[in-house]
Trainee: 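The structure follows.
Along the sequence shown, residues are numbered consecutively beginning with 1. This is a predicted model, so every value here is computed, not measured.
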Amino acid sequence: MQETTSGRSRRDEYTEATRQALLAAGREIFTREGYQAAGIEAISRAARVTRGAFYHHFEDKKALFDAVVVLMQAEAVASVDEKSKGQRRIWDRLFTGIDAYLDVCLEPTYRRIVISEAPGVLGNKRFQEIEEAYPMALLLASMNALKRDGELHFEDVDLLGRMVDAMICKMALMLPEADNPKRMRERGRKIIASLLDSFRRT
């Protein structure tokens, strides 16, 4: 069997390409039709693979949905990290990251798949596992860094981080229906900032 310059076989590359095609098709169809209405046949057809190929990679539709959510959370973390890493001060990185994550939450695909449907489809336990492995981990890393440096005075950083995350996601759900989304976002950000500032040690 021939190998590519990276050492991977052509079969390995084809297998990975098929998996990526299914993830892309699943993301598109889950966004457009919702999880319940999305069908394996339609997803396979959109990915240009057979049903057999679908079941080679994923046990069922829920397994594909799970993989799509994991991928989107990983992408969200990468986007937030990229936008916030240029800030030198941890507080600035934290608030830049919150703004960047809110931007992600407002993207229609993320809102429908991750925020609206994932908790119900995957169950709260599995959804929380993914949440804590990706966006929550990044948020808590910044907050724990502040606590280690003596800039954040609060005993339970994990609880504080979960409260902040819940506020961000709730605001993301409310913004599209707001009469003045820009003003609501600014007010929401001030509430989050005020909460964190109340535990800030100067």
Side-chain angles (χ1 to χ4, degrees), residues 1-85 97-142 161-162 165-166 168-169 172-173 176:
M1 185 180 298
Q2 291 185 336
E3 291 189 351
T4 63
T5 56
S6 65
R8 298 177 64 190
S9 69
R10 293 188 183 279
R11 178 179 295 175
D12 289 339
E13 289 193 342
Y14 176 77
T15 297
E16 180 59 21
T18 301
R19 185 175 187 277
Q20 293 301 320
L22 286 166
L23 287 169
R27 183 194 302 222
E28 178 183 349
I29 293 175
F30 290 140
T31 302
R32 185 175 67 243
E33 300 181 11
Y35 175 80
Q36 293 299 332
I40 290 175
E41 184 67 39
I43 293 170
S44 300
R45 189 165 54 249
R48 298 183 179 181
V49 302
T50 64
R51 286 179 65 94
F54 179 99
Y55 285 112
H56 176 75
H57 289 276
F58 300 102
E59 181 179 358
D60 51 24
K61 183 174 68 170
K62 184 177 179 180
L64 172 62
F65 186 84
D66 186 296
V68 169
V69 172
V70 169
L71 175 61
M72 292 181 68
Q73 291 288 52
E75 291 174 349
V77 166
S79 176
V80 170
D81 189 50
E82 179 64 26
K83 292 178 180 178
S84 61
K85 67 182 181 181
I98 289 173
D99 280 334
Y101 183 54
L102 184 56
D103 287 338
V104 171
C105 288
L106 292 174
E107 294 173 1
T109 296
Y110 190 91
R111 286 187 68 249
R112 176 153 200 182
I113 292 178
V114 178
I115 298 178
S116 298
E117 295 211 320
V121 173
L122 301 179
N124 285 328
K125 181 179 179 181
R126 174 57 182 158
F127 179 72
Q128 287 301 321
E129 289 175 352
I130 300 172
E131 176 85 357
E132 293 186 11
Y134 292 97
M136 184 68 70
L138 190 61
L139 175 63
L140 290 179
S142 295
R162 284 171 173 77
D165 180 71
I168 294 169
C169 291
L173 289 172

Trainee: Identify, with sequence neighbours excluded, every residue that meets salt bridge (charged side-chain N to carboxylate O under 4.0 Å, His left out) alongside R51.
Mentor: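 Here the qualifying residues are E41.
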Trainee: Hey, does L64 have a side-chain heavy atom less than 4.5 Å from the side chain of V68?
Mentor: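 When only atoms from C-beta onward are counted, L64 and V68 do touch, with a gap below 4.5 Å.
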Trainee: Measuring from I40:CD1 to Y55:OH, what's the distance to the nearest 0.5 Å?
Mentor: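 These two atoms lie 3.0 Å from each other.
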Trainee: F127: what forms a ring pair (Phe, Tyr, Trp, His ring centres under 6.0 Å) with it, not counting sequence neighbours?
Mentor: none
Trainee: To the nearest 0.5 Å, how far apart are CE in M72 and OG1 in T109?
Mentor: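 M72 CE to T109 OG1: 5.5 Å, rounded to 0.5 Å.
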Trainee: Strictly by salt bridge (Lys or Arg N to Asp or Glu O under 4.0 Å), give each pair with a member in residues 118-130 just once, sequence neighbours left out.
Mentor: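 Counting only pairs at least two positions apart or across chains, the salt bridge (Lys or Arg N to Asp or Glu O under 4.0 Å) contacts touching residues 118-130 are D66-R126, R126-E129.
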Trainee: Grab the two heavy atoms, one from I29 and one from A38, that are nearest each other, plus how far apart they are.
Mentor: CG2-CB, 3.6 Å
Trainee: Among all residues two or more places apart in sequence or in another chain, which pass the side chain to side chain donor-acceptor pair (under 3.5 Å) test with Q20?
Mentor: E16
Trainee: Using the test side-chain contact (heavy atoms from CB on, under 4.5 Å), find all partners of A25 that sit at least two apart in sequence or belong to another chain.
Mentor: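 A25 satisfies side-chain contact (heavy atoms from CB on, under 4.5 Å) with I43, A46, A47 only.
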Trainee: Looking only at non-hydrogen atoms, find the nearest pair between V104 and Y110 and report the distance.
Mentor: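 For V104 and Y110, the tightest heavy-atom pair comes out as O-CB, 3.4 Å.
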Trainee: Measure across A67 and R19 and return the closest heavy-atom pair with its distance rounded to 0.1 Å.
Mentor: CB-NH2, 4.1 Å
Trainee: What residues form a side-chain contact (heavy atoms from CB on, under 4.5 Å) with Q36, not counting sequence neighbours?
Mentor: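 Not a single residue meets the side-chain contact (heavy atoms from CB on, under 4.5 Å) criterion with Q36.
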Trainee: Return each pair, listed once, that meets salt bridge (Lys or Arg N to Asp or Glu O under 4.0 Å) where at least one residue sits in residues 71-83; pairs must be two or more places apart or across chains.
Mentor: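 Residue pairs with at least one partner in residues 71-83: R27-E75, E82-K85.
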Trainee: What's the shortest heavy-atom distance between C105 and I168, and which atoms?
Mentor: SG-CG2, 4.4 Å
Trainee: Taking only residues two or more places apart in sequence or in another chain, which ones pass ring pair (Phe, Tyr, Trp, His ring centres under 6.0 Å) with Y134?
Mentor: none
Trainee: Just jot down the salt bridge (charged side-chain N to carboxylate O under 4.0 Å, His left out) partners of E132, sequence neighbours excluded, or say none.
Mentor: R162
Trainee: Are V69 and V121 packed together at the side-chain level, in the sense that at least one heavy-atom pair is separated by less than 4.5 angstrom?
Mentor: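 Answer no - side chains too far apart.
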Trainee: To the nearest 0.5 angstrom, please state how far the CG atom of N124 sits from the CD atom of E131.
Mentor: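 These two atoms lie 11.0 Å from each other.
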Trainee: Mind checking the OG1-CG spacing from T18 to L22? Nearest 0.5 Å is all I need.
Mentor: 7.0 Å
Trainee: Any ring-ring contact (aromatic ring centres under 6.0 Å, His included) involving residues 22-48? Give me the pairs, sequence neighbours left out, ordered by first then second residue.
Mentor: F30-Y35, F30-F65, Y35-F65
Trainee: Quick one: pull up CD1 in I115 and CG in L173 and give me the separation to the nearest 0.5 Å.
Mentor: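 Taking CD1 in I115 and CG in L173, the distance rounds to 5.5 Å.
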Trainee: Does any pair with a residue in residues 99-115 pass salt bridge (Lys or Arg N to Asp or Glu O under 4.0 Å), and if so which ones, sequence neighbours excluded?
Mentor: D99-R189, D103-R185
Trainee: If you measure from OG on S84 to OH on Y101, what distance do you get to the nearest 0.5 Å?
Mentor: 13.5 Å
Trainee: Looking at residues at least two apart in the chain, or sitting in another chain, which of them share a side-chain contact (heavy atoms from CB on, under 4.5 Å) with A137?
Mentor: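 Partners of A137 under the side-chain contact (heavy atoms from CB on, under 4.5 Å) test: none.
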